[in-house]
Number of protein chains: 2
Amino acid sequence: MQRLVLKELPRYECLVEASKQFPDLEPAACEAFMHLIRASEEVMRVMNAHFAAHNITQGRFLVMMLLLEKTGDCPRPTTPAELADLASVSRATVTGLLDSLERDGFVRRVPDPTDRRQMSVSLTPKGQSFMHDILPDHFRLLTRLMGNLSDNEQKTLSRLLTKVSMQAASLSNGGGTTPA
Amino acid sequence: MQRLVLKELPRYECLVEASKQFPDLEPAACEAFMHLIRASEEVMRVMNAHFAAHNITQGRFLVMMLLLEKTGDCPRPTTPAELADLASVSRATVTGLLDSLERDGFVRRVPDPTDRRQMSVSLTPKGQSFMHDILPDHFRLLTRLMGNLSDNEQKTLSRLLTKVSMQAASLSNGGGTTPA
DNA sequence: CATTTTTAGTAAGGCGGCTAATTATTAGCC
DNA sequence: GGCTAATAATTAGCCGCCTTACTAAAAATG
């Protein structure tokens, strides 16, 4: 399920031209923004085709990924609320995803004995083996998606994107979307 | 309308650890991928809040943006099929968006006199002035979103993301999602 | 103990897709 | 002119992934 994105981004000269009509338009920033949105959509288009080939969707995949037994000290959620928090969505959304995954036998929900409001969520053996089946391909694919970039470029990209994320987060929390 | 994304990305050391369990996992590529998805979602979260404050949604905004009178020689679509092509979605999707925009008085559809299969689509004066009202804020916001980056970093980001897009496009067309 | 907070889930609604089918029209060929 | 194939926009039906408001029950708080 993709979002609308421009097939061809405007050339830089077009942006400069448009900035005469719209003085608030900053060409380099606008271009970077559009490239960010387009690249992510294109990458997700490829990933979603891969998911579809394995009869899984993005949302379900992420939930299962979060529930997957992992080595090391990475946080692993066990309740719907934790899943919702880690995935930055509402609990209602998680309920829907878990309903669907449980129906298909990938996850199991059991009431928590220590707090009866809570459910404890885990992957079933079927869910575990499903993930172990598709993850090699998944990782290979995303390595190929980044394959045009050198190791150094990948690191640079991550660094720059972290800066963008932080700025977006501060604009979200600062609430100041428009100084008017 | 946002998609699930990890709130906190795994630390690089976690990825290295996981690559022992999953040998196909390449830590730098994986990290760059996750940063790409997260940054774009965070940025779009901010943009969507801005759209919501103006009672417009992303899809409708893009359609209106495509229809907007622009200086210079930027392509401007006039039929639903052209809109669909430029936005990389199906014509059925465009029909839905146009229905909604027409209902609200932002666009007008008239049958094309030269080919009676076609409709000609344009912004109404209401649509034009709506866009002229919100675009200054819109451009200011995306400039701020990229504000953490120097001009040079913005250019670098665009360049790297172009590389990613091209790779994604070639994987899409090549059809070789998994060499297996 | 009374009140407030928290949990998972439900209901209702929305956005933005998609495919397949349909209807009317056009293009190209004989 | 008649016919076939292609095309345009739309409709119907479905999907994925959200959201908010609300509920009942349980837990926390003072």
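Below, chain A is the first sequence line, B the second, and so on; all start at residue 1.
- Distance Asn55(A) CG to dG16(D) P: 10 Å, rounded to the nearest Å.
- Its side chain outside the 4.5 Å cluster rule for every partner, Val110(A) clusters with none of the Ile, Leu, Val, Met, Phe, Trp and Tyr residues.
- The phosphate of dC18(C) (OP1 or OP2) has a side-chain N or O of Thr93(B) nearer than 4.0 angstrom.
- Whole-Å rounding puts the Glu41(B) CD to dC17(D) C1' distance at 11 Å.
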Under 4.0 Å protein heavy-atom contacts per nucleotide of nucleotides 9-14 of chain D, with B for base, S for backbone only and - for none: SBB---
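- Rounded to an integer number of Å, the gap from Phe51(A) CZ to dC17(D) C1' is 14 Å.
- Taking the ring centroids of His138(A) and Phe61(A), they lie under the 6.0 Å cut-off.
- Atom CG of Leu97(B) is separated from atom P of dC18(C) by 10 Å (rounded to the nearest Å).
- Inter-residue side-chain proximity for Met34(B) and Leu15(B) is flagged as met; some heavy-atom pair is nearer than 4.5 Å.
- Rounded to whole angstrom, the span from the CG atom of Asp115(A) across to the C1' atom of dT5(C) amounts to 12 Å.
- Computed from coordinates, the Asn48(B) CG to dC17(D) C1' distance equals 13 Å when rounded to whole Å.
- Between the P atom of dA8(C) and the CD atom of Glu102(A) lies a distance of 14 Å, rounded to the nearest Å.
- In this structure, Phe61(A) places its CZ atom 17 Å from C1' of dG16(D), rounding to the nearest Å.
- dC30(C) is paired with dG1(D) under the criterion used here, namely a Watson-Crick or G-U wobble arrangement in which both key atom distances are under 3.5 Å.
- A salt bridge links Arg109(A) and Asp99(A); the closest N-O separation between the charged side-chain nitrogens and carboxylate oxygens is under 4.0 Å.
- Taken to the nearest 0.5 Å, the CZ atom of Phe106(B) stands 4.5 Å off from the NZ atom of Lys126(B).
- The pair Lys163(A)-Glu153(B) counts as a salt bridge, with a side-chain nitrogen and a carboxylate oxygen less than 4.0 angstrom apart.
- For the OP1/OP2 pair of dG16(C) and a distance below 4.0 Å, the side-chain nitrogens and oxygens of Thr57(B) include at least one atom meeting the criterion.
- A salt bridge links Arg60(B) to Asp104(B): one of the charged nitrogens lies within less than 4.0 Å of a carboxylate oxygen.
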